[in-house]
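The next block holds one structure in the form of structure tokens; read it before the comments.
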Amino acid sequence: MLEIKNLHASVGDDKPILKGLDLSVPAGEVHAIMGPNGSGKSTLSYVLTGRDGYEVTDGTIIYDGEDVAELAPEERAARGLFLSFQYPVEIPGVPTLTFMKESLNAQRRARGEDEMSAPDFMKHVREKAKLLNISGDMLKRPVNVGFSGGEKKRLEILQAAVLEPRFLILDETDSGLDIDALKVVSDGVNALRSPERGMLVITHYQRLLDHIAPDKVHVMSAGRIVASGGPELAKELEAEGYDKYVRAA
Ligand code: ADP
Ligand code: MG
């Protein structure tokens with residue numbers, strides 16, 4: 001479903017960050033990426049979703065059989081690529097419900113589908129919000145404004161649940177969550193698992209992977225995937241750290 005080959009990418013004034021990254025995530029699978037700070041994990045998530053200021057200088061990103069490296073962010077979103085930000089942004093003045101309804105309908109229009117009506121949308125959101133313990137009051141407030149760290153992360157997952165993307169990238173969605181919020185977020189992520197859907201979960205913590213049993217775990221260091229394995233690799237990293245992989249890279 002997602003095939004990344006020899007990906008090189010730079011940020012800002014031609015600063016190379018990704019340096020020959022290979023990664024393949026088949027539909028139906030959940031893959032985790034772990035790795036030290038500064039290894040390029042967030043950069044990878046931005047390059048995949050097409051954020052401004054990031055340039056692919058070599059290699060390919062094949063998503064559903066199509067090279068998406070040159071597509072605009074909204075074109076990738078319409079194809080079902082979704083990123084949950086490591087640092088969700090506040091959007092003062094825009095009510096959360098309006099924001100989500102506009103996002104959903106913009107994607108439906110781009111796919112040539114009918115827009116969802118206001119009552120249908122409300123029903124759709126309420127159902128998903130309940131699972132994530134998000135109140136109607138929170139949804140009326142401006143996007144992320146005054147939300148706690150945990151609320152912001154839960155809202156990211158609600159957006160995913162509402163948009164029903166085909167490929168999700170979660171960038172440290174678990175960091176800063178207490179144990180209860182972590183459980184709620186993991187349940188939300190697990191509810192999105194499906195044979196048609198792929199996921200890339202960037203995390204530092206085994207505790208998230210205890211809830212979301214990943215099919216594969218990859219270690220990223222200095223802009224490349226330097227090791228891959230099963231869930232046991234995450235346990236090894238937790239016990240021994242990244243040292244051996246950093247030195248090898
Ligand atoms: P990770 O998410 O693995 O911690 P990042 O992808 O955030 O790593 O960062 C990788 C490297 O790229 C870091 O050295 C960081 O300082 C650098 N970097 C990220 N964004 C920019 C930017 N806009 N301009 C210059 N350097 C950047
Ligand atoms: Mg990061």
Side-chain angles (χ1 to χ4, degrees), residues 2 4-25 30-61 68-69 72-73 76 81-90 144 147 149-150 152-157 159-160 167-177 181-182 185-186 189 199-209 212 214 216-229 233-234 236-238 240-249:
L2 182 68
I4 304 171
K5 289 219 174 90
N6 188 35
L7 185 62
H8 291 254
S10 323
V11 62
D13 286 334
D14 292 333
K15 183 181 174 188
I17 307 290
L18 303 183
K19 300 169 183 168
L21 183 139
D22 294 300
L23 178 67
S24 166
V25 184
V30 175
H31 287 205
I33 294 189
M34 306 180 87
N37 289 324
S39 54
K41 302 181 300 297
S42 292
T43 299
L44 172 64
S45 70
Y46 295 144
V47 168
L48 292 178
T49 46
R51 185 171 180 161
D52 254 7
Y54 293 78
E55 200 199 343
V56 173
T57 52
D58 201 0
T60 51
I61 305 169
V68 296
R76 302 187 206 198
L81 266 177
F82 176 93
L83 169 63
S84 162
F85 289 110
Q86 180 171 6
Y87 304 108
V89 286
E90 300 187 1
N144 285 319
F147 285 27
K152 286 180 183 172
K153 295 300 172 102
R154 272 188 281 145
L155 185 66
E156 292 289 294
I157 302 303
Q159 290 171 49
F167 196 91
L168 282 89
I169 305 159
L170 307 182
D171 191 0
E172 297 199 27
T173 302
D174 53 334
S175 52
L177 295 183
L182 182 75
V185 163
S186 321
V189 171
M199 287 194 215
L200 200 53
V201 178
I202 298 168
T203 182
H204 280 298
Y205 303 106
Q206 173 59 36
R207 53 175 206 166
L208 175 73
L209 303 180
I212 307 172
K216 260 194 177 171
V217 174
H218 307 277
V219 186
M220 187 161 174
S221 181
R224 300 171 59 234
I225 300 295
V226 295
S228 300
L233 179 55
E236 179 208 303
L237 291 169
E238 179 130 294
E240 296 171 24
Y242 298 124
D243 214 41
K244 131 177 158 197
Y245 297 101
V246 173
R247 274 187 277 118

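All ligand and atom numbering here is 1-based and tracks the order in the structure. One-based numbering along the sequence shown. Quick note: numbers below take in every heavy atom, side chains included, and nothing from hydrogens, waters or symmetry partners. These numbers were taken from a predicted model, which means no experiment stands behind them.
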- request: Could you pull out the N/O/S protein atoms under 2.8 Å of the Mg ion (ligand 2), ignoring any water?
  value: Ser42 OG, Gln86 OE1
task: Pick out which of Thr60, Leu44, Val47, Asp22 makes a side chain to side chain contact (heavy atoms under 4.5 Å, CB included) with Ile4.
output: Leu44
task: Give a yes or no answer on whether the side chain of Thr57 reaches the backbone of His8 with a donor-acceptor pair at less than 3.5 Å.
output: yes
message: Go through it in stages, so that I can follow the logic: the residues are Glu238 and Arg207, the test is salt bridge (Lys or Arg N to Asp or Glu O under 4.0 Å), and I'd like the CA-CA distance, side-chain angles, deciding distance and then a yes or no.
response: CA-CA 10 Å; Glu238 179 130 294; Arg207 53 175 206 166; over 6 Å; no
- request: Only counting residues at least two apart or in another chain, list the ones meeting salt bridge (Lys or Arg N to Asp or Glu O under 4.0 Å) with Glu90.
  value: Lys152
Donor-acceptor pair, side chain of Thr173 and main chain of Leu170, under 3.5 angstrom: no
- prompt: Between His204 and Asn37, do the side chains contain an N or O donor and an N or O acceptor separated by less than 3.5 Å?
  reply: yes
field: Side-chain donor-acceptor contact under 3.5 Å, Gln86 with Ser42
entry: yes
Per-ligand residue contacts, ligand 1, heavy-atom threshold under 4.0 Å: Val11, Lys15, Ile17, Pro36, Asn37, Gly38, Ser39, Gly40, Lys41, Ser42, Thr43, Tyr54
query: Does CZ belonging to Phe147 count more than 12 external heavy atoms closer than 6.0 Å?
result: yes
- request: Name all residues meeting the side chain to side chain donor-acceptor pair (under 3.5 Å) criterion together with Ser45; count only those two or more places apart in sequence or in a different chain, and write none if there are none.
  value: none
